[in-house]
Amino acid sequence: MKKYGSTVLLALLLLVLSVGSLFVGVLDMDPGSLLTGDLNQLEIFFVSRLPRLLAILCTGAGMSTAGLIMQQLCMNKFVSPTTGATISSAQLGILIALLFLPDSTLWGRALFAFAFAIAGTWIFVWFIQQITFKDVVLVPLIGIMFGNVIGGITSFLAYKYEMTQALSTWLVGHFSLVLRGRYEIVYLVAPLVVLAFVFANHFNIVGMGKDFSKNLGVPYHLVLFMGLTIAAMITASVVVVVGSISYIGLIVPNLVAMFKGDKIRGTLIDNALFGALFVLICDVLGRIAIAPYELPIELIIGIFGSVLFIGLLFYRLRFGRKAVQLSALLGWDDKTKRGGDAV
């Protein structure tokens, strides 16, 4: 039980907060009306509140899993869909779909988002593979610059063809427009997370380098591109439905690694649960901060994420990739004081 204590605790917290979040919103709801079969309350529940909760859970679990995969494969704790140009590439794909296929459905735009997110992520990894000296900060900086280039192209095309307003839905992440019938694409996250768990050991091996992978008989390039494709598809699924949400894939895996270590199979479930819990808490805060109005979740996560990112930056620069175990929080050992192997 001690081994799975954190998993059980996160699951219980997520369950309690999920039930509570169903009754937070502009329109009042109460459990008694739902149990008595009030048609108006049931409609609000099944059309808005429940789809929103499911989208939140899929977003948090999916984006944190995508970040964990990218960090392991790129051997850098600052790589994520945000700093790896994946989100920017998905947004460009949506804009291209709006320009050339204006009558396309949400699924049609999703296909463009998938293709561009996968291509953008692959190009980013190709860039960093050309660098001989991979400083811990240099890799995400390259990703941020590459993402800004893609974002600049997206903005230019949007202004040129007067598509800024149409694109704005996917530039800022929010759950206010999540309704039954237009969010189901995010369900793709669930099988992709399961697939990531199945190949977790392969991702760990590939994260140790090409030579190590070959010695163990693991096809390095195949597993690398498969992992990046999974991460890109998860990100694109979220961007199409919710919009751009930064920092989840960067912050959550680092926080979980401090307590559970860096092994994917041992941290994936906790990582997904904590990601879903983190997004749900931020969403509830956005709903109650200026009620009856609602703040975009991108704003709430951006505030917390910026502070945590700076803290993680200083921590990783000092201690490298070494994970902090719970016992080490009570007293640093000598090895931790000397720092880890910053990669």
Side-chain angles (χ1 to χ4, degrees), residues 3-8 10-11 14 54-55 57-77 79-81 84 86 90 110-111 113-115 117-119 121-122 124-125 184-241 248-250 252-257 259-279 321 323:
K3 180 179 179 181
Y4 299 103
S6 61
T7 305
V8 174
L10 287 172
L14 182 61
L54 294 175
L57 298 181
C58 289
T59 297
M63 293 298 289
S64 57
T65 300
L68 179 63
I69 294 172
M70 293 183 69
Q71 288 174 13
Q72 185 66 31
L73 294 178
C74 297
M75 295 178 285
N76 190 293
K77 285 296 182 180
V79 175
S80 71
T86 309
L111 292 177
F114 291 153
I118 292 171
T121 307
W122 286 354
F124 162 70
V125 173
E184 286 76 9
I185 291 176
V186 81
Y187 285 158
L188 289 174
V189 168
L192 291 171
V193 171
V194 173
L195 192 62
F197 185 81
V198 172
F199 290 96
N201 288 334
H202 292 77
F203 296 153
N204 273 324
I205 294 172
V206 168
M208 295 179 184
K210 185 185 297 184
D211 295 334
F212 190 88
S213 301
K214 289 182 177 180
N215 291 337
L216 293 180
V218 175
Y220 176 81
H221 292 290
L222 177 62
V223 174
L224 176 65
F225 287 119
M226 181 181 66
L228 294 175
T229 300
I230 291 173
M233 290 187 66
I234 289 174
T235 304
S237 301
V238 172
V239 172
V240 168
V241 175
I248 301 174
L250 176 65
V252 173
N254 277 280
L255 293 178
V256 174
F259 298 93
K260 299 284 288 187
D262 291 329
K263 188 177 179 181
I264 290 185
R265 185 175 290 276
T267 62
L268 185 59
I269 296 178
D270 283 31
N271 187 75
L273 290 173
F274 185 70
L277 184 64
F278 179 68
V279 175
R321 299 182 68 222

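If you're wondering where the values come from, they're calculated on a predicted model, not measured in any experiment.
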Exercise. Could you tell me which residues satisfy ring-ring contact (aromatic ring centres under 6.0 Å, His included) with Phe278, sequence neighbours excluded, listed by chain and number?
Key: none
Exercise. Report yes or no: does Thr86 contribute a side-chain atom to a donor-acceptor pair with the main-chain N or O of Ala232 at less than 3.5 Å?
Key: no
Practice problem: Might you work through the side chain to side chain contact (heavy atoms under 4.5 Å, CB included) test for Leu14 and Leu57, ending with a clear yes or no? | Solution: CA-CA 9 Å; Leu14 182 61; Leu57 298 181; 3.7 Å; yes
Self-check item: Asn271 and its side chain to side chain contact (heavy atoms under 4.5 Å, CB included) partner, picked from Val252, Ile264, Leu10, Val193
Solution: Val252
Quiz item: Would you say the side chain of Met208 lies within less than 4.5 Å of the side chain of Leu216, judging by non-hydrogen atoms?
Solution: no
Self-check item: Closest heavy-atom pair and its distance - Ser64, Gly275
Solution: OG-CA, 3.9 Å
Practice problem: Please name the residue in the list Ile234, Val238, Val186 that meets the side chain to side chain contact (heavy atoms under 4.5 Å, CB included) test with Cys58. | Solution: Val186
Self-check item: Short side-chain to backbone donor-acceptor contact, Asp270 and Val256, under 3.5 Å
Solution: no
Self-check item: Test applied, side chain to side chain contact (heavy atoms under 4.5 Å, CB included); reference residue, Met233; option that passes from Thr121, Val189, Ile118, Leu188
Solution: Ile118
Practice problem: Keeping the roles fixed (side chain from Gln71, backbone from Gly249), state whether a donor-acceptor pair exists under 3.5 Å. | Solution: yes
Quiz item: Given side chains that start at C-beta, do those of Ser237 and Phe114 come closer than 4.5 Å, heavy atoms only?
Solution: yes
Quiz item: Any side-chain heavy atom of Ile230 within less than 4.5 Å of one from Thr65?
Solution: no
Practice problem: Check whether any side-chain heavy atom of Thr229 lies under 4.5 Å from a side-chain heavy atom of Trp122, and answer yes or no. | Solution: yes
Practice problem: Give a yes or no on whether Ile269 atom CD1 has more than 12 heavy-atom contacts from other residues, nucleotides or ligands under 6.0 Å away. | Solution: no
Exercise. Specify the closest pair of heavy atoms between Met70 and Pro81, including all atoms of both residues, with the distance to one decimal.
Key: SD-N, 3.6 Å
